[in-house]
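Presented below is the structure to which this report refers.
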Protein chains: 2
Amino acid sequence: MTRATIKDVSRVAGVSIKTVSRVLNKERYVSDDMRQKVEEAVARLNYHPSLAARTLAGKRSFQIGLIHDNPSPYYIFNMQAGVGQRCREANFRMIIQPCDVNSPGLIDDIGALIDQAQLDGIIMTPPVTDVGTALAELFRRKIPVVRVQPGTDLTATSAVYIDNVQAADDMTAYLISLGHRRIGLVTGHANYFASGQRLTGYRQALQRAGIGFDATLVFPGQFDFQSGAAAADALLALDDPPTAIFASSDEMAAGVLAAAHRMGIRVPDRLSVAGFDDTDLAQVVWPSLTTIRQPIRDLGYAAADLLLEFGETIERRQLPHELIVRGSTAPPQA
Amino acid sequence: MTRATIKDVSRVAGVSIKTVSRVLNKERYVSDDMRQKVEEAVARLNYHPSLAARTLAGKRSFQIGLIHDNPSPYYIFNMQAGVGQRCREANFRMIIQPCDVNSPGLIDDIGALIDQAQLDGIIMTPPVTDVGTALAELFRRKIPVVRVQPGTDLTATSAVYIDNVQAADDMTAYLISLGHRRIGLVTGHANYFASGQRLTGYRQALQRAGIGFDATLVFPGQFDFQSGAAAADALLALDDPPTAIFASSDEMAAGVLAAAHRMGIRVPDRLSVAGFDDTDLAQVVWPSLTTIRQPIRDLGYAAADLLLEFGETIERRQLPHELIVRGSTAPPQA
DNA sequence: TTGAAATAAGATAACGCTGTCATACGCGAA
DNA sequence: TTCGCGTATGACAGCGTTATCTTATTTCAA
């Protein structure tokens with residue numbers, strides 16, 4: 001028993017091939033009578049149209065690509081879950097393309113992907129979102145693009161994002177409200193635009209509270225565990241160390257926690273630690289992390305939604321973040 | 001400027017379409033002369049063959065599917081990385097299909113995937129590997145299948161795996177060698193065959209050391225953080241609590257750590273904790289976890305390799321695990 | 001009542017490849 | 001020389017859809 005084709009369906013339903021195609025594509029000008037006959041035949045034969053044939057004959061491929069260069073399993077997993085969910089709803093398929101932002105072959109790889117699979121659209125996550133040459137290549141091919149948290153050319157493509165400035169402001173303000181005055185900040189990788197935005201939010205909250213900005217309390221990180229631990233080592237070795245450390249990612253916050261544990265500094269009693277993202281990680285470290293929930297899955301869903309609903313039309317969508325208070329933060333000890 | 005087709009290439013190279021096709025597919029009977037002309041034209045036009053057309057015309061689709069129902073981002077991420085890598089080497093594409101083992105639509109979903117995309121092969125990860133109805137559907141379609149760590153019908157398909165019994169034995173023996181006599185075990189989800197195998201390895205090591213098996217020291221978990229913490233609560237509340245706890249996953253080990261922290265029990269001084277998998281998580285908790293490194297990425301790579309190299313021919317490959325000693329284990333306090 | 005537009009259906013040509021078959025050439029054995 | 005075989009190339013049909021064009025039929029305003 002081989003696969004059923006549209007021809008089989010048309011024979012069983014007693015209609016022309018084109019009519020079956022019309023029903024499948026929900027085109028107009030099909031009588032209810034015909035539609036029903038076709039649907040019955042489709043069900044009876046358990047027919048599924050060949051994507052290859054549809055792609056070849058039509059202008060659409062029913063496939064979108066997700067391009068990423070992100071070492072965080074949590075991020076990618078949730079992004080895929082969101083995009084995948086929306087794709088499934090629309091009967092689209094998602095093609096994952098990991099890539100290397102620093103590779104010279106990046107543009108060729110992306111081009112090859114689009115050519116070979118004839119993608120209907122592309123979703124990009126940071127930091128690929130901000131590679132000018134890659135963007136240019138996509139424009140050249142006139143393919144719809146949605147970027148997640150883009151940092152540059154904000155209006156060049158559709159985009160979904162959260163308000164990073166406000167989120168960092170929220171967290172900083174929360175720490176201040178607990179009574180902290182010296183708050184360390186571990187920034188993210190310089191490649192990521194969000195890193196700068198979070199610094200802005202941090203400064204903004206400090207200023208509103210009348211707390212002077214102290215550059216020695218800001219330490220550059222790379223979003224990963226190691227750099228979080230290193231930052232904590234440096235910050236806690238200061239003459240006047242911070243009573244709270246706000247890390248721009250949960251991984252770095254985990255690093256801060258580990259460093260504190262290593263030094264015998266009790267968290268949150270002697271040091272408050274805050275993260276960013278609310279990945280699963282936030283709840284599997286001890287104490288569990290106060291963090292900003294970034295709705296990664298929803299961002300993915302929204303990105304796919306923009307692609308499928310609007311196509312080339314440029315659209316933007318901001319999603320809400322949320323301050324999640326857990327056990328890693330407390331008022332500073334007297 | 002639209003995409004280049006094989007026709008364009010043939011015109012530029014001054015040869016027939018079929019010759020271009022031959023070069024592309026590395027068929028025999030092509031002179032070096034021709035081959036070079038074609039390759040030049042391909043490069044000049046930046047030509048990439050249409051997957052849709054190849055799939056439709058040929059018998060292969062150059063796509064394989066990765067079917068999973070696994071809530072662990074780490075696992076999936078690394079599995080994808082391994083499979084993806086091998087696919088890229090062979091110029092294949094990987095289609096990800098998350099699914100729900102308990103959904104009644106599972107079989108239809110898999111069938112639709114294969115029909116629509118005309119996949120050349122399927123890779124499955126636990127626990128989907130052991131769903132009999134799904135396996136039957138794949139056999140019916142005569143599609144090559146490679147399973148990762150299958151638990152049932154071991155010889156029914158190609159498979160890649162590690163020796164779970166030996167791995168659990170290794171860890172248990174290591175804890176015994178540190179001087180532990182009462183070793184708690186948190187098992188994994190009953191759906192996973194590996195859970196039972198690890199229990200076997202644990203018992204095997206105990207027996208070899210002449211330590212009696214104590215069923216009260218074995219607590220059922222679900223592979224996740226919560227169940228790890230719950231297991232630790234229960235085990236540490238025993239009249240004669242264990243001095244070491246071996247959790248069958250890093251996530252559960254993280255749960256054990258958190259529970260210990262909560263109770264003020266120092267790790268590893270008062271309690272040794274061991275995990276399984278060596279996911280990234282193992283290094284971002286404190287103290288970092290002694291664990292069994294399961295080469296997930298390599299398993300993925302090997303799975304794709306079996307599929308691409310052997311096709312329908314059933315082949316099996318066992319990969320080595322490794323005991324990784326970190327800070328969460330130590331000799332028991334006197 | 002008429003005819004132009006809207007509706008409903010089918011016949012047939014692409015789409016860009018691969019598979020099959022046909023053809024042509026060189027070379028060693030008969 | 002001739003035959004046959006391995007090698008090298010091309011012509012052309014088809015893969016399973018959608019797009020385009022054509023042919024009814026119905027509807028509705030003038």
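Within every chain, numbering begins at 1; the chains are lettered A, B, ... in the order of the sequence lines, protein sequences first and strands thereafter.
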With sequence neighbours excluded, what pairs up with Ala57(A) under the side-chain contact (heavy atoms from CB on, under 4.5 Å) test? none
Write out all pairs satisfying ring pair (Phe, Tyr, Trp, His ring centres under 6.0 Å) with one or both partners inside residues 89-121 of chain B, taking only residues at least two apart or from two chains. Phe62(B)-Phe92(B)
Using a 4.0 Å cut-off on heavy atoms, which residues in residues 21-42 of chain A reach DNA chain D? List them by number, or say none. Ser21(A), Asn25(A)
Atom CG of Leu51(A) to atom C1' of dG16(D): distance rounded to whole Å? 12 Å
Would you list the atom pairs, donor with acceptor, under 3.5 Å between side chains in residues 313-320 of chain A and any protein atom, with sequence neighbours excluded?
| residue | atom | partner | partner atom | Å |
| --- | --- | --- | --- | --- |
| Thr313(A) | OG1 | Phe310(A) | O | 3.3 |
| Arg316(A) | NH1 | Leu154(A) | O | 2.7 |
| Arg317(A) | NH1 | Asp305(A) | OD2 | 3.1 |

Which residue pairs satisfy the ring pair (Phe, Tyr, Trp, His ring centres under 6.0 Å) criterion with at least one member in residues 13-49 of chain B, sequence neighbours excluded? none
Winner on side-chain proximity to Arg54(B), out of dT17(D), dG10(D), dC17(C), is dC17(C)
In this structure, how many angstroms lie between the P atom of dG16(C) and the CZ atom of Phe62(B), rounded? 17 Å
Please find out if less than 6.0 Å separates the ring center of Phe77(B) from that of Phe77(A). no
Roughly how many Å is it from CZ in Arg11(A) to P in dG16(D), rounded to a whole number? 12 Å
Strictly by side-chain hydrogen bond (donor to acceptor under 3.5 Å, both in side chains), give each pair with a member in residues 87-101 of chain B just once, sequence neighbours left out. Gln116(A)-Arg93(B), Gln85(B)-Glu89(B), Glu89(B)-Tyr301(B)
Taking the minimum atom-to-atom distance to the side chain of Lys18(B), which one of dG10(D), dT17(D), dG10(C) wins? dG10(D)
Quick one: side-chain contact (heavy atoms from CB on, under 4.5 Å) partners of Glu27(A), sequence neighbours excluded? Lys18(A), Arg22(A), Asn25(A)
What is the separation between atom CD1 on Ile6(B) and atom P on dG10(D), rounded to the nearest whole Å? 12 Å
Interatomic distance where CD belongs to Gln118(A) and P belongs to dT17(D) [whole Å]: 16 Å
Base, sugar-phosphate, or nothing: which does Tyr47(B) touch, judged by heavy atoms less than 4.0 Å apart? sugar-phosphate
Using the side chain to side chain donor-acceptor pair (under 3.5 Å) criterion, which residues pair with Thr55(B)? Sequence neighbours excluded. none
Does the side chain of Asp277(B) come within less than 4.5 Å of Tyr75(B)'s, by heavy atoms? no
Dot-bracket, DNA chain C: Watson-Crick or G-U, under 3.5 angstrom, [ ] crossing, | other strand? ||||||||||||||||||||||||||||||
Taken to the nearest whole Å, CD1/Ile17(B) to C1'/dT20(C) is 15 Å
Not counting sequence neighbours, which residues clear side chain to side chain donor-acceptor pair (under 3.5 Å) with Ser103(B)? List them please. none
Can you list every salt bridge (Lys or Arg N to Asp or Glu O under 4.0 Å) pair that touches residues 125-139 of chain B, not counting sequence neighbours? Asp130(B)-Arg147(B), Glu137(B)-Arg140(B), Glu137(B)-Arg141(B)
Below 4.0 Å: OP1/OP2 of dG10(C) and any side-chain N or O of Ser16(A): yes
Interface polar pairs with nucleotides 13-15 of chain D, N/O, under 3.5 angstrom:
| residue | atom | partner | partner atom | Å |
| --- | --- | --- | --- | --- |
| dC15(D) | O2 | Ala57(B) | N | 3.4 |

